[in-house]
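Some notes on the structure that comes next.
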Amino acid sequence: MHIVVCIKQVPNTTNVQIDATTGTLKREGVEAIINPFDEYAIEEAIRLKERFGGKTTVITMGPPQAEQALRDTLARGIDNAILVSDRAFAGADTWATSYALAQAIRTLGDYDLIICGKQATDGDTAQVGPGVAEMLNIPHVAYVKKIEEASNGSMKVERMMEDGYDLIETPLPALITVVKEINTPRLPSLRGLMNAKKAQIPHWNAETIKAEKLNIGLTGSPTQVLKIFSPPLRPGGEMLQGSLEQVAEQLVAKLKNAQLI
Ligand SMILES: Cc1cc2nc3c(=O)[nH]c(=O)nc-3n(C[C@H](O)[C@H](O)[C@H](O)COP(=O)(O)OP(=O)(O)OC[C@H]3O[C@@H](n4cnc5c(N)ncnc54)[C@H](O)[C@@H]3O)c2cc1C
């Protein structure tokens with residue numbers, strides 16, 4: 001079984017700031033980490049290999065610094081890592097990102113399962129996993145919280161729902177996106193860290209993955225971002241004081257005053 005994991009480097013902060021002039025994320029001085037949801041994808045790939053045998057490959061599309069994230073996955077037990085990097089990918093929206101990743105996975109050749117995190121903590125769209133599956137024309141299941149079986153060309157998974165879960169069987173190859181309930185990620189071992197330091201990580205560019213120029217980067221991105229801004233801070237609410245009746249009276253008066261009732 002060949003399991004491919006897609007990971008993304010994201011800023012280590014939930015307080016992502018936007019440059020008001022350029023409308024892009026402010027990345028300077030912010031440490032980059034593996035997207036937290038991708039940690040579960042990495043762990044699940046290693047566990048599946050331990051259960052069913054096979055090999056694991058991690059792919060990221062990003063700048064050369066993203067190599068560090070790949071080394072981290074090798075230290076945990078992933079077999080191979082590939083960095084998909086080219087200036088021509090800059091400005092990619094989720095469509096162009098999905099296209100580049102799908103091309104990279106095609107370049108790998110054989111694969112049985114692709115695992116993505118449920119979403120990235122910076123872009124937050126949750127579109128890339130399903131996008132990759134659509135481009136590869138394979139089935140996909142989002143929000144997977146448990147893999148029950150994966151053998152003989154099919155797999156059975158539990159998809160998390162608000163009020164329980166769906167049990168879904170899908171033929172392989174397939175793509176799943178995983179939620180944090182699926183496992184507890186392991187830490188890298190000391191030996192793993194030493195080996196990962198020395199590992200050669202191939203860099204694939206647009207040519208390597210046979211990407212059509214018109215489908216990558218800004219040119220290949222159908223999304224038109226008109227404006228990105230932080231919403232203005234809302235003024236604090238007003239606490240009404242008094243008994244229940246007094247508070248209700250004050251509230252009605254305020255709503256009437258604002259011509260809302
Ligand atoms: C018009 C436009 C221009 C943009 N320009 C830029 C830009 O110049 N620079 C920039 O950094 N971002 C840019 N972005 C943001 C970029 O498109 C997204 O960060 C990217 O497509 C991933 O989307 P997401 O963060 O919503 O990921 P999600 O869809 O939320 O991620 C889901 C999962 O997909 C996988 N995944 C996502 N991205 C990658 C990746 N790169 N490699 C491997 N796996 C991945 C991971 O498993 C992740 O958990 C731009 C977006 C738009 C709309």
Side-chain angles (χ1 to χ4, degrees), residues 2-17 19 24-47 49 55-92 94 96-98 100-105 107-108 114-125 128-129 132 177-178 180 183-209 211 216-217:
H2 184 190
I3 306 152
V4 179
V5 186
C6 296
I7 66 159
K8 185 184 181 194
Q9 255 199 338
V10 296
N12 185 13
T13 172
T14 44
N15 183 19
V16 174
Q17 304 231 321
D19 186 313
T24 54
L25 292 185
K26 283 190 193 167
R27 293 178 191 271
E28 301 79 39
V30 182
E31 184 203 4
I33 54 164
I34 295 177
N35 174 40
F37 289 109
D38 300 349
E39 302 264 2
Y40 304 96
I42 297 161
E43 177 64 29
E44 201 54 27
I46 299 170
R47 288 186 187 199
K49 185 191 155 184
K55 62 174 178 177
T56 49
T57 302
V58 164
I59 295 184
T60 191
M61 180 183 114
Q65 307 83 279
E67 210 185 273
Q68 188 46 49
L70 294 173
R71 283 190 198 282
D72 192 359
T73 70
L74 294 174
R76 291 170 204 220
I78 290 287
D79 300 311
N80 306 300
I82 292 158
L83 175 66
V84 180
S85 192
D86 195 316
R87 280 181 183 276
F89 297 134
T94 56
T97 303
S98 305
L101 289 173
Q103 284 300 109
I105 293 167
T107 309
L108 280 174
I114 303 166
I115 312 183
C116 291
K118 85 165 171 136
Q119 70 200 78
T121 51
D122 56 352
D124 231 9
T125 66
V128 170
V132 170
T177 73
V178 295
K180 63 180 171 45
N183 58 45
T184 306
R186 71 192 69 189
L187 291 171
S189 67
L190 193 59
R191 194 157 148 225
L193 285 168
M194 309 269 277
N195 290 339
K197 235 179 180 178
K198 293 180 273 175
Q200 291 287 327
I201 296 185
H203 287 207
W204 288 2
N205 60 21
E207 205 181 319
T208 327
I209 63 169
I216 56 174

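Quantities reported herein were computed from a predicted structural model and do not represent experimental measurements.
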*For Ile209 and Ala100, which heavy atoms make the closest approach, and how far apart are they?*
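Closest pair (atom of Ile209, atom of Ala100, distance): CD1-O, 3.5 Å.
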*asked:* If I compare all heavy atoms of Ile201 with all of Ala81, which pair ends up nearest, and what's the gap?
replied: CG2-O, 3.7 Å
*Decide side-chain contact (heavy atoms from CB on, under 4.5 Å) for Met61 and Thr97; before the verdict, give the C-alpha distance in whole Å, the side-chain angles of both, and the deciding distance to 0.1 Å.*
CA-CA 8 Å; Met61 180 183 114; Thr97 303; 4.0 Å; yes
*asked:* Treating Asn12 as the side-chain partner and Ala32 as the backbone partner, does any N or O pair qualify as donor plus acceptor under 3.5 Å?
replied: no
*Backbone N/O of Gln119 and side chain of Asn35: donor-acceptor pair under 3.5 Å*: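 Looks like yes, one N/O pair under 3.5 Å.
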*After noting the C-alpha distance and the side-chain angles of Val178 and Lys118, does the key distance pass the side-chain contact (heavy atoms from CB on, under 4.5 Å) rule?*
CA-CA 5 Å; Val178 295; Lys118 85 165 171 136; over 6 Å; no
Note, [X] side chain near [Y] side chain (heavy atom, < 4.5 Å):
{"X": "Ile42", "Y": "Pro185", "value": "no"}
{"X": "Ile59", "Y": "Val5", "value": "no"}
{"X": "Ile3", "Y": "Lys55", "value": "no"}
{"X": "Cys116", "Y": "Leu101", "value": "no"}
{"X": "His203", "Y": "Asn205", "value": "no"}
{"X": "Val10", "Y": "Pro36", "value": "yes"}
{"X": "Leu108", "Y": "Trp204", "value": "yes"}
{"X": "Ile78", "Y": "Thr57", "value": "no"}

Within this structure, what is the [atom1]-[atom2] distance for the pair [X] and [Y], rounded to the nearest 0.5 Å?
{"X": "Ile33", "Y": "Asp38", "atom1": "CD1", "atom2": "CG", "answer": "10.0 Å"}
{"X": "Asp124", "Y": "Phe37", "atom1": "CG", "atom2": "CZ", "answer": "8.0 Å"}
{"X": "Glu31", "Y": "Gln9", "atom1": "CD", "atom2": "CD", "answer": "9.5 Å"}
{"X": "Ser98", "Y": "Gln103", "atom1": "OG", "atom2": "CD", "answer": "12.0 Å"}
{"X": "Cys6", "Y": "Ile115", "atom1": "SG", "atom2": "CD1", "answer": "10.0 Å"}

*Of all pairs that satisfy side chain to side chain donor-acceptor pair (under 3.5 Å), the ones with a partner from residues 68-84, not counting sequence neighbours*: Glu39-Arg76, Lys49-Asp79, Thr56-Asp79, Glu67-Arg71, Asp72-Arg76
Return all side-chain donor-acceptor pairs below 3.5 angstrom for residues 82-89, not counting sequence neighbours, or 'none' if the list is empty.
residue: Ser85; atom: OG; partner: Gly62; partner atom: O; Å: 2.8
residue: Asp86; atom: OD1; partner: Ala88; partner atom: N; Å: 2.9
residue: Asp86; atom: OD2; partner: Ala206; partner atom: N; Å: 2.9

*Selection residues 186-196 - residue pairs positive for salt bridge (charged side-chain N to carboxylate O under 4.0 Å, His left out), sequence neighbours left out*: Glu43-Arg186, Glu50-Arg186
